[in-house]
Amino acid sequence: MTAALSDRADFPVLDELTYLNTASIGLVPASIVDSTEEFARELATRGTTWFDEEQETRALEGARTAAAELFDVDAHDVAVGSSFTELLAQLAWALAPGSGRNIVSIDIDFPSVTRVWQRIASQTGAEVRWVRVVGDPGSLDTARVIEAIDERTAVVCVSHVQYSTGYVLDLAAVTRAAREVGAVVLVDATQAAGQVPLRPKEWGVDALLAGGYKWLGGMFGAAVAYVRPGLLAGRRPPIVGWLTDPEPYTLEATRLQWPDGARTLEASTSSYSAALALGLAIRYSLGLGVDRVRAHGLALAATLADGLRELGADLLSPEKPSEGSGIVTVRFPGHDADRITAQLNARGVVVSPRLQATRFSVHHHTNGEEVAHALQVAREVLGADK
């Protein structure tokens, strides 16, 4: 049986249940929980006697520098925000294309990836051009995205790893096609960061953003974004605040001067506890080695997919390792997906319903025994559902 890649003692809940739901909410290592709780307690009970201006200035640096290493970019080109949604909205409105232009996105992508563009299009007259695969999610591939790009495309905004099926886009190929027509590429890496190596500069993407509470093992309330130098030149995000200044602690109320590059996305005080946790969580992932995490996840996902197919499942996730991830999504013909998912959860195998299907997700703390147990429970649930 395949052993877990990380120390399972860091995740006490695994003694109680089989957690195959990182694609929904990732488990936070116990040591990070302890450090974050201590930080929050000191901040809440001692205020500025413990958390002065110098410490506040440094509060986001742990997440910023860790993300820079994870993305293989310069820390100056990384912003820290409260969520992927917030950071993308800042970028989207700064780049908002007008009438006659289009934004390419995928109709099964996560709503936070797509809804900001629908809002922008409703005000500017731009078109949201959908890659339509909702009737057959397993048919999504990189070629379908590239086919939607044309000379009117201003923005391509997609997820690197699809949250519903685990499909991994070839971002280098997408970016090459976008460059030919002068379009920019913005990427949601929330389902990728921590389980798939990320090289935005090598791929040529213009911005890559990730929430921290899934595969990275951080908490709600912090996210990071890489922004290509020059992307925001002459463009301004809509939200400004006291941090919107190269020297914010001057608190000069009559001055508005944007910081250079990515940090122009940072406008206000945020959850410093969540940012601390995210920085520590990224370091945890880097310590394991994201390449090793990917290989581990692909091996367990393949075993899980094979076992589910033997139980009669139709696989929505890709079969090619280069296109796959730790996500395995299946439908059981003749069975209601919501009912099957609920029964698995009731029996301690934690999974999620997505696209009228059941989504499993394995990570570095998953071992072969858990996969075998999940398959046995699925067999029992399907038998009882006849």
Side-chain angles (χ1 to χ4, degrees), residues 1-36 66 69-70 161 163 166 168 189-198 210-219 277-311 317-318 321 324-330 341 344-345 347-352 358-380:
M1 286 287 184
T2 303
L5 197 59
S6 53
D7 185 351
R8 286 171 62 87
D10 286 335
F11 309 96
V13 75
L14 299 180
D15 293 334
E16 305 170 22
L17 46 79
T18 299
Y19 195 82
L20 304 181
N21 211 21
T22 298
S24 182
I25 298 176
L27 300 179
V28 183
S31 59
I32 295 176
V33 174
D34 292 343
S35 295
T36 305
E69 186 173 342
L70 182 72
V161 174
Y163 83 101
V168 180
T190 300
Q191 292 287 357
Q195 70 150 333
V196 176
L198 300 172
Y213 67 92
K214 294 184 185 290
W215 302 87
L216 286 173
M219 296 178 176
L278 180 54
L280 295 173
I282 293 173
R283 292 292 175 197
Y284 189 97
S285 292
L286 290 169
L288 294 174
V290 180
D291 288 300
R292 293 177 65 225
V293 172
R294 177 154 173 72
H296 178 80
L298 286 175
L300 288 178
T303 300
L304 180 59
D306 289 344
L308 291 169
R309 274 187 296 226
E310 289 178 5
L311 296 177
S317 299
S325 64
I327 295 173
V328 178
T329 304
V330 296
T341 302
L344 287 167
N345 279 289
R347 299 184 187 211
V349 177
V350 184
V351 293
S352 287
T358 301
R359 185 188 67 186
F360 301 75
S361 46
V362 298
H363 204 17
H364 51 67
H365 49 66
T366 312
N367 61 30
E369 291 181 4
E370 287 180 306
V371 170
H373 176 68
L375 290 171
Q376 178 57 39
V377 173
R379 181 178 293 106
E380 295 168 1

>> Does E380, at its CD atom, have more than 12 non-hydrogen atoms belonging to other residues, nucleotides or ligands within less than 6.0 Å?
In response: yes
>> Given 3.5 Å as the limit, does a donor-acceptor pair link the side chain of S361 with the main chain of T22, or not?
In response: yes
> So do R283 and E69 actually touch side chain to side chain, heavy atoms under 4.5 Å?
Replying inline: yes
> Any donor and acceptor pair, going by atom type alone, linking the side chain of Q195 with main-chain N or O of G297 inside 3.5 Å?
Replying inline: no
> Thinking salt bridges, do D306 and R309 make one under a 4.0 Å N-O criterion?
Replying inline: yes
> Would you say E16's side chain and V13's backbone share a donor-acceptor pair under 3.5 angstrom?
Replying inline: no
> Heavy atoms, side chains only, cut-off 4.5 Å: are Y284 and L288 in contact?
Replying inline: yes
> Are the side chain of Q191 and the backbone of G166 linked by a donor-acceptor contact shorter than 3.5 Å?
Replying inline: no
> Can you tell me if H296 uses its side chain to pair, donor with acceptor, with the backbone of A4 under 3.5 Å?
Replying inline: no
> Between the side chain of S35 and the main-chain N/O of I32, is any donor-acceptor distance below 3.5 Å?
Replying inline: no
> What heavy-atom pair brings V168 and S325 nearest, and what distance separates the two atoms?
Replying inline: CG2-CB, 4.1 Å
> Can you find a pair of side-chain heavy atoms, one from R359 and one from S24, that are under 4.5 Å apart?
Replying inline: yes
>> Just so I know, are the side chains of W215 and V293 near enough to count as touching, which here means a heavy-atom distance under 4.5 Å?
In response: no
>> Are the side chains of V350 and N345 in contact, using a 4.5 Å heavy-atom criterion?
In response: yes
>> A side-chain contact here means heavy atoms from C-beta on lying under 4.5 Å apart; do V330 and F360 qualify?
In response: yes
